[in-house]
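Because the structure is a prediction, the values reported are computed rather than measured. Residue indices begin at 1 and follow the sequence shown.
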Amino acid sequence: MDETEFWELVDATREAAEGDPEEQADLLVDRLVQLDPDAVLDFARHFEARYNRAYTWDLWGAAWVLLDGASDDAFDFFRCWLIGQGREVYEGAVHDPDSLAELLDDFDEEFDGDGEELGYAADEAYEQLTGAVAPDLGLPPAPPEPSGTPVDFEDSRALAERFPRLWERFKS
């Protein structure tokens, strides 16, 4: 599975789920079990690589603004959700997290921002196909700390300065 096929699966399942991350995860498992186990592992590698790439202080700060706070776990689930939003939103957010103010049509912190189940879709599909737990993907481990310059999440003024468009749209 190449990168284009990865994003096509993400997009197709998001559209079919009408943006519901849990439904999207279920649909993703349904689609992945139609593939061979190696293709499922390829999907998992693409997902994990993007998940690790999104481990930045700036994205965590953007998640903090959007979710009105984001613990370690909440940020993990946010990164899964971000991948589930598709290539355009994901790449835009990784490049400029403040651009989420324009990239997101709507954002309801009760419904959006939590894609925990998306993070398990490939593992679940692999296990259904093979009866075994997915092997190590052979990717470098995630960094111990997010990349970039740390953000003081408790400083509203600093967040507003660092993410002016997000702050104006979601906090004003």
Side-chain angles (χ1 to χ4, degrees), residues 1 3-33 40 42-126 134 137 139 141-143 145-148 151 153 159 162-163 165-171:
M1 173 177 300
E3 185 175 11
T4 300
E5 293 167 312
F6 168 81
W7 286 117
E8 285 172 354
L9 264 175
V10 169
D11 289 340
T13 55
R14 183 188 68 258
E15 290 165 14
E18 298 178 352
D20 180 324
E22 288 184 20
E23 177 70 17
Q24 183 182 6
D26 291 342
L27 292 171
L28 196 51
V29 171
D30 293 345
R31 295 283 299 272
L32 289 171
V33 296
V40 174
D42 286 344
F43 179 91
R45 283 184 197 94
H46 284 290
F47 193 97
E48 189 73 17
R50 278 145 194 83
Y51 177 80
N52 289 342
R53 182 174 166 221
Y55 193 48
T56 70
W57 284 111
D58 279 345
L59 270 174
W60 200 339
W64 191 275
V65 171
L66 285 165
L67 298 170
D68 201 24
S71 66
D72 292 1
D73 286 344
F75 182 51
D76 289 346
F77 305 155
F78 178 84
R79 290 184 289 153
C80 292
W81 173 85
L82 185 62
I83 295 165
Q85 297 309 292
R87 187 180 211 160
E88 181 183 344
V89 172
Y90 172 83
E91 292 293 342
V94 168
H95 177 71
D96 176 14
D98 198 35
S99 72
L100 283 168
E102 292 83 35
L103 292 168
L104 299 175
D105 293 331
D106 297 312
F107 188 88
D108 178 346
E109 67 186 64
E110 297 298 317
F111 181 73
D112 295 314
D114 181 351
E116 178 181 10
E117 299 304 318
L118 290 169
Y120 301 121
D123 290 337
E124 188 176 322
Y126 187 87
L137 298 173
L139 296 173
E145 289 288 317
S147 64
V151 178
F153 298 135
L159 287 170
R162 197 151 172 181
F163 309 105
R165 294 173 289 171
L166 278 172
W167 194 266
E168 182 177 327
R169 180 169 173 203
F170 295 102
K171 293 296 182 192

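Among all heavy-atom pairs drawn from A122 and A44, the shortest one is CB-CB, 3.7 Å. When all heavy atoms of L118 and G84 are compared, the closest pair comes out as CD1-CA, 3.9 Å. For A121 against L28, the heavy-atom pair with the smallest separation is CB-CD2, 3.9 Å. What you find for L103 and A93 is that their closest heavy atoms are CD1-N, 3.9 Å. Shortest non-hydrogen contact noted between G92 and S99 is O-OG, 3.1 Å. Considering all non-hydrogen atoms of both residues, A62 and F163 come closest at N-CZ, 3.7 Å.
Classification of the F170-F107 ring pair by plane angle, with boundaries at 30° and 60°, yields perpendicular. Ring geometry, F6 versus F47: the interplanar angle exceeds 60°, so the pair is classed perpendicular (tilted spans 30 to 60°). Taking the six-membered ring where tryptophan is involved, the planes of F78 and W81 are tilted, since the angle between them lies from 30° to 60°.
Using a 4.5 Å cut-off on side-chain heavy atoms (C-beta onward), D112 and L104 make no contact. Residues W60 and V151 form no side-chain contact, since every pair of their non-hydrogen atoms from C-beta on lies 4.5 Å or further apart. Side-chain atoms of V10 and Q24, non-hydrogen and from C-beta on, do get closer than 4.5 Å to each other.
Between L27 atom CG and E23 atom CD the span is 4.5 Å, to the nearest 0.5 Å. Note that the CG atom of L32 and the CE atom of M1 stand 6.0 Å from one another [nearest 0.5 Å]. A distance of 10.5 Å separates OG in S71 from CZ in F153, rounded to the nearest 0.5 Å.
The residues E91 and R53 are annotated as salt-bridged, a charged nitrogen and a carboxylate oxygen being separated by less than 4.0 angstrom. Salt-bridge formation is not detected for the pair R87/D11: no Lys NZ or Arg NE/NH1/NH2 atom is positioned less than 4.0 Å from an Asp or Glu carboxylate oxygen. A salt bridge does not link R31 to E8: none of the charged side-chain nitrogens sits closer than 4.0 Å to a carboxylate oxygen.
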Step-by-step side chain to side chain contact (heavy atoms under 4.5 Å, CB included) determination, D68 to K171: CA-CA 9 Å; D68 201 24; K171 293 296 182 192; 2.9 Å; yes
Passes side chain to side chain contact (heavy atoms under 4.5 Å, CB included), L166 versus L159? Steps please. CA-CA 9 Å; L166 278 172; L159 287 170; over 6 Å; no
Please test L100 against Q85 for side chain to side chain contact (heavy atoms under 4.5 Å, CB included), starting from the C-alpha separation and ending with a verdict. CA-CA 11 Å; L100 283 168; Q85 297 309 292; over 6 Å; no
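Within 6.0 Å of CD in E88 there are 12 or fewer heavy atoms belonging to other residues, nucleotides or ligands.
Checked against the 6.0 Å centroid criterion, the rings of Y90 and W7 qualify as a close aromatic pair.
Not one N or O on the side chain of R165 forms a donor-acceptor pair closer than 3.5 Å with the backbone of A101. Remark: side-chain polar atoms of D106 are not paired, donor with acceptor, to backbone N or O of D108 under 3.5 angstrom.
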